[in-house]
Q: 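Could you have a look at this structure, given as C-alpha cells, before my questions?
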Amino acid sequence: MEKTFQPQQIEDHWYKLWEERGYFSPQGEGAPYCIVIPPPNVTGRLHMGHGFQHAIMDALIRFHRMQGRQALWQVGTDHAGIATQMVVERQLAAAGTNRHEVGREAFVDKVWDWKEESGGIITQQLRRMGSSLDWSRERFTMDEQLSAVVEKVFVDLYNEGLIYRGNRLVNWDPQLHTAISDLEVISEEEDGHLWHFNYPIADSDQHLTIATTRPETMLGDAAVAVHPEDERYTHLIGKFVDLPLCNRRIPIIADDYVDPEFGTGCVKITPAHDFNDYEMGKRHNLEVINILTDNASINDEAPATYRGLDRFEARKQLVADLEALGLVEKIEPHKLKVPRGDRSGVVIEPYLTHQWYVAIQSLADPAIKAVEDGDIEFVPKNWENTYFAWMRNIQDWCISRQLWWGHRIPAWYDEDNNVYVGHSEVDVRAKHEIDDSVVLRQDEDVLDTWFSSALWTFSTLGWPDDTEYFNKFHPTDVLVTGFDIIFFWVARMIMMTLKFTGEIPFKKVYITGLVRDEHGQKMSKSKGNILDPIDLIDGIELDELVEKRTADMMQPQLKEKIARLTRDSFPEGIAAYGTDALRFTYYSLASTGRDIKFDVGRTEGFRNFCNKIWNAARYAMMNSEGKAIATDWDPAQFSSADRWILSRLEQTTSEVLEAVDNYRFDLASQALHEFIWNEYCDWYLELSKPILWDEDNNPEAAQATRKVLLTVLERSLRLLHPFMPFLTEEIWQKLAPALGIVGDSIMLQPYPEFDADNVDAAAQSEIDWLKGIIVAIRNIRGEMDISPARSISVFLRGGEEQDQNYLQSNLMYLQKLAKLENIEWLSAESEAPAAATGLYGNVEVLVPLAGLIDVSAEQARLEKEIGKLEAGLKAVSGKLNNEKFVSNAPEAVVTKERQKQQELQAAADALKAKFEELSKL
RNA sequence: AGGCGCGUAGCUCAGUUGGUUAGAGCGCUACCUUGACAUGGUAGAGGUCACCAGUUCGAAUCUGGUCGUGCCUACCA
C-alpha cells in the first residue's frame, strides 16, 4: 500500500467496476427502497448544490442497499425548456443568425444535437460523485415514453375541464417572447420615480393629479380611480378627464382598492398593463387598451408619435411632452419592486394573451390534505408551513410557453379557431369527425418544463403501461431537494401524482439548505465565488481557477476584483482532495434546517481523515500479513482493550443508525470521525502494539488482538461505506480476505446492526481508567517539560482495590504508552517522595521530582489545577447550600451533586496537601 | 406588511425531553521526525452561549421583548 491515500488512482476504477457489474440495480428480495433524482438540466453542469444533494441521496441509497433493501435510485435528466433553448439561441446569435431564420424544425434539431453533445457531461459528473444511480434506467423528460405520459395527462385534464385556454394578463417576457409563471418572476426593490401628472378635468379648467411609476402606460389608460369615501374627490366621481396627448376622454370612477393615503389618492387605471387595474377594469367594464407589442415597444393603438418606441424610450418622450404642456406636477424619487424574468433578467410586462392554464384548486386540496394528514412529511418539519402558505393561496398555473424546445401542446385549431385536444391530429380528426379537407394546425406553444417534471416519480417508473417498477417502487421513499423548488416542483408533483396515480409521490421530503461560500454569501458567477465540486475532487491550479471564474465577464473591474479575491482565498489553488473527502464535508455540515457555509478547510481536514484511515489500514495489514490470526471468536482471549474497542464500535453503530434514521448526517459523520480517529487510531492501535510486539510471550493474545484489529476495521469500513464509498471499497478489498470474508464488493455487504449485548461496560470502565492515568502522566510531562524521550518512574497512591487491580492488569500498556521506567502502588501509609501530582478520580499519580522539574513550576501547575477544582466546587456548593434546590430537585440530581462535591473536595484537598509539602522543601 | 430561520471559542458548527466545570474540527502556542500516518503525535491557551426581563430550586435550552442578520410570500399606483 502507498504511504498516503491517493484518491485519483482508485475512484474511476471502482466506479466503472460497480457500474459494469450492475451493482446499482435493485437486487435481492428485500423491501423496496426508492429515491428519484431531481433531474438536472441535460445540458447543465454539476454545482455545489448538486454535490450536496447527491452526497445525501447516495448515502441513503447505499445505506438501505446494504441493509438488504431492493434499492433503486432512479436517474434521468430534464430538457429544461427555456434554459436550453437560450443556450442554443446564443450559439445561433454568435453565428450571426437566429431561430426564426433557421426555422422551427431545424432549430429543434439543433437543440437535440446540443443535447447529444453536452448531455453526457452532467451524467459523467454525477458518476464522479460516486452516486450509485441505476444508469440502466436512465430517462429524459422528452423520451418517447415520458412524452406520452405528458400528453395523456394533458388530454385527461383537458377532458375533465381542468385545463383550459384563457385570454388574460400573463407575465410576459419581452426578450424571450414567452409567457412565464408567477414563480419565474423575481421582484426586487429598485430605485425609480413617482411621477405626478395633471389630467385636465373635462369641460373645466380644473385638473386631477395622478401619481404613477410607469408613465408610458398612460397611453392605455381607461379611467382614473379614487376612493369612494375620499372627500377630496367625491364630487368628481362620474365625471371625465381628458387624457393628455391621446385625445381620449376617460371616466373618473370610485373603487375602494384605491388607497387615499398613497400619492395623490388618484390612480390612473390601465387594464391592459397592470394586474390590479385589469381586475378593476373588469369590475367597471373598462376598455382594455393594449399599447405594447411582443417586444414591449409601443404599438399602433397609441398616438403616432410614440409608435415603435421602446417602452423606456416612450417613457422619456412622454414625460418630456407632458412637461412641455405644463402637466408635470412633480417627480419624486421612489423605491419600487420591479418584476424581472428569472432567466432573461428583463422587466416583465403584464400582457394580454391567450394561454393554457391548469385549474389548480381541485388538485391542490388533496395535496394539502396529504401533508396535513402526515402521509407526506417534510424534514425539517417547518417547511410544511411554507408549503401550506403557498398551497392555500394557489393561483391557476399558466403552462404554455412560446418556445420551440419542449413538449408541444396537443391541441389543434381549424380555420375558425375551434380548438381540438387529443393525442395526435389523427386522433383529433377521428374523435371529432373532421374531414381531411379541413386544415388543422397544431398549437405553436410548448408546455412549461415543470409540467413534465411534475410527473417525474411515476413517468420514470413506467406508469401507466409498464407497471412492474411502478408497482414495486412507487410511492418512493424520500425526495431530497432544496427549498427553492418546493413550489416549482415538490408541490406540483404531489398534486399531479395524487391526481393520476391516486398515490403520494414520496413519503418524506428532505429539504437541504443552500450551499453558500465560507462567508455565507450565495455562490454566483457575478460574485466570482463559485466552487466547482469537480475542482475539489481533482484540484485546480490557481491561474486556471482565476481564469475559470473570470471568463465571460462583461465588466473588467469586476474581473479584477474577482481575480484578487480568488488569489486571496486560494493562494495555492485547490488541492485534489478526492470524492470521499468532499462528500464527508457535505455530511459534516448537513445539520437540518440550515444553510451550509462551505469551507474548503473542512475538506482538507477530511482528506487528512481519509489518509488516517488509509494508514490505520496499512498498520493493520502490515501486522497481519503472514502472521497467525485467531480463527475462532474467543472473547476469553481478548484483552481489555480488545473488549473496549468492540464495545465502543457497538455504540458507534447505534449512533450512526439513529443519526441516519433522523437524516442527521452531521451526527453520523461526527460519530464515525470520533470513533475511528480518536478511539481506534489514537488509542486502540497504540494499545495493540504492546501485545503484538510481545507475541513470543503470549501468542494467543497477539492472535486474538490481530483478529479484533481487523474485525473492527472491517466493520468500521462497512459503517463508513455509504459516506466514503471509494476509500472503503479499496481497503475492504485488501482486508476482507485476511478475515476470510467472501464477497465481490463492500457495497453488497450487510450494514452493521446494533446488538446491545455487545456493549461491555466493564471493559469501558477499565480502559477509561487506563486512559485517565496515562493522560495524567502525559499532562505532567507536557506541562513540566519532561522530554518525551525520557523514561520516568511513577507511583500511584490512594484509590480502591479496583484501581490496584487495574494497575496490575494494565502494567504493560502503561509502560509503553506513557514511556515509564517503572510504575508501582504506594501504600497509603508509606512516605511519598517529593513529586509532581496528578489525579484520576481519587487515585494520585505521582511523578517523583528528583532531577526532573523545579518546585516552583510544579506549585504553579498545582495552583492552576486547584483553581479549576475550586471553581467547580463553588458552583456545586452553591447549589447544595440552596435549601430550595435540595428540597425541590429530584433525589437523583441531588445525590449526584453531593457525590460531585465530595470528589471535588477530596481532589482539591489532596492537591493542596501536595502544595504544602512542596513548600517545606 | 406578514411568515420562517439564525445569533454558542478567531473561523465553521454540535449541544436530543431545562440538571457535567458548555463540546468538536480548523486555526493558534509549545514540544516531538518514537518501527501506520508530519495529510502525523503529545500537551496547552481560548467562550459572562447577542442583549433585557420573566418562569423555575436550576436556563445555551422554555416564555415575552429588544437589537443584529439571512431568507420566503404578498404588495400601494
Q: Need one value for K337(A): base, sugar-phosphate or nothing, where a base atom within 4.0 Å counts as base even if backbone is also close, heavy atoms only.
A: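 The residue K337(A) makes base contact.
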
Q: Need one value for L589(A): base, sugar-phosphate or nothing, where a base atom within 4.0 Å counts as base even if backbone is also close, heavy atoms only.
A: sugar-phosphate

Q: Taking any heavy-atom pair under 4.0 Å as a contact, classify A211(A): base, sugar-phosphate, or nothing.
A: base

Q: Using atom P in both nucleotides, what's the gap between A45(B) and U29(B) to the nearest angstrom?
A: 16 Å

Q: Would you check if there is a donor-acceptor pair between the side chains of S181(A) and E184(A) at a distance under 3.5 Å?
A: yes

Q: Does the ring center of F598(A) lie less than 6.0 Å from the ring center of Y586(A)?
A: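 When the ring centroids of F598(A) and Y586(A) are compared, they turn out to be within the sub-6.0 Å range.
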
Q: Give me the distance, rounded to whole Å, that separates G58(B) from G47(B) when you measure between the P atoms they each carry.
A: 27 Å

Q: Within the structure shown, what part of the strands sits under 4.0 Å from F487(A) by heavy-atom distance: base, sugar-phosphate, or nothing?
A: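 If one applies the 4.0 Å heavy-atom cut-off, F487(A) turns out to touch the sugar-phosphate alone, with no base involved.
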
Q: Quick one: label R861(A) by what it contacts on the DNA or RNA (base, sugar-phosphate, nothing), any heavy atom closer than 4.0 Å.
A: nothing

Q: Hunt down the Watson-Crick or G-U wobble partner of G2(B), both distances under 3.5 Å, from any strand shown, or write none.
A: C72(B)

Q: Counting the atoms with a prime plus P, OP1 and OP2 as sugar-phosphate, which does W693(A) contact under 4.0 Å by heavy atoms, base, sugar-phosphate, or nothing?
A: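 Base: the residue W693(A), judged by heavy atoms under 4.0 Å, touches a nucleobase.
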
Q: For R392(A), report the nucleic acid contact type (base, sugar-phosphate, nothing); a contact means any heavy atom under 4.0 Å.
A: nothing

Q: So what does K874(A) hit on the nucleic acid, given a heavy-atom distance under 4.0 Å: a base, only sugar-phosphate, or nothing?
A: nothing

Q: Look at all strands and tell whether A875(A) reaches a base, only sugar-phosphate, or nothing, counting heavy atoms closer than 4.0 Å.
A: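 If one applies the 4.0 Å heavy-atom cut-off, A875(A) turns out to touch nothing in the nucleic acid.
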
Q: Between C11(B) and G27(B), how far apart are the two P atoms, rounded to whole Å?
A: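 That atom pair is separated by 16 Å.
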
Q: Under 4.0 Å between a side-chain nitrogen and a carboxylate oxygen: does that hold for E897(A) and K879(A)?
A: yes

Q: For E686(A), report the nucleic acid contact type (base, sugar-phosphate, nothing); a contact means any heavy atom under 4.0 Å.
A: base

Q: Tell me the partner of U33(B), counting only Watson-Crick (N1-N3 plus N6-O4 or O6-N4) or G-U wobble (N1-O2 and O6-N3) with both under 3.5 Å; none if nothing fits.
A: none

Q: Closer to the 5' end of RNA chain B via nearest nucleotide, is it W677(A) or N623(A)?
A: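 Closest to the 5' end, via its nearest nucleotide, is N623(A).
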
Q: In terms of side-chain heavy atoms, does T270(A) have a donor or acceptor partner in Y278(A) at a distance below 3.5 Å?
A: no

Q: Walk along RNA chain B from 5' to 3' and tell me the first and last nucleotide with an atom closer than 4.0 Å to a non-hydrogen atom of chain A.
A: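 Terminal contacting nucleotides, 5' to 3': C4(B) to A77(B).
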
Q: Aromatic ring centroids of F5(A) and W614(A) under 6.0 Å?
A: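 Yes.
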
Q: Identify whether any heavy atom of C681(A) sits under 4.0 Å from a base atom; if not, whether one sits that close to sugar-phosphate; answer base, sugar-phosphate or nothing.
A: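 Answer is base: heavy atoms of C681(A) come under 4.0 Å of a base.
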
Q: What does W195(A) touch in the nucleic acid at a heavy-atom separation under 4.0 angstrom: a base, only the sugar-phosphate, or nothing?
A: nothing

Q: So, F606(A) versus H673(A), ring centres under 6.0 angstrom or not?
A: yes

Q: Can you check the distance between G40(B) and C57(B), where both ends of the measurement are the C1' atom (answer in whole Å)?
A: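 My reading of the C1' atoms in G40(B) and C57(B) gives 49 Å.
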
Q: Any chance the side chains of R602(A) and S588(A) put a donor and an acceptor closer than 3.5 Å?
A: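 Yes.
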
Q: Partner of G7(B) by Watson-Crick or G-U wobble geometry, both contacts under 3.5 Å, or none?
A: C67(B)

Q: Please give the distance between the P atoms of U8(B) and C62(B) as a whole number of Å.
A: 16 Å

Q: Using distance alone, with no hydrogens and no angle criterion, decide if N611(A) and T4(A) have a side-chain donor and acceptor under 3.5 Å apart.
A: no

Q: Whom does U17(B) pair with, Watson-Crick or G-U wobble, provided both distances fall under 3.5 Å?
A: none

Q: Would you kindly compare S591(A) and N608(A) by the position of their nearest RNA chain B nucleotide and give the one closer to the 5′ end?
A: S591(A)

Q: Looking across every strand, which nucleic acid part, if any, lies under 4.0 Å from K597(A) by heavy atom: base, sugar-phosphate, or nothing?
A: sugar-phosphate

Q: How is L685(A) classified with respect to the nucleic acid when contacts are heavy atoms under 4.0 Å: base, sugar-phosphate, or nothing?
A: base

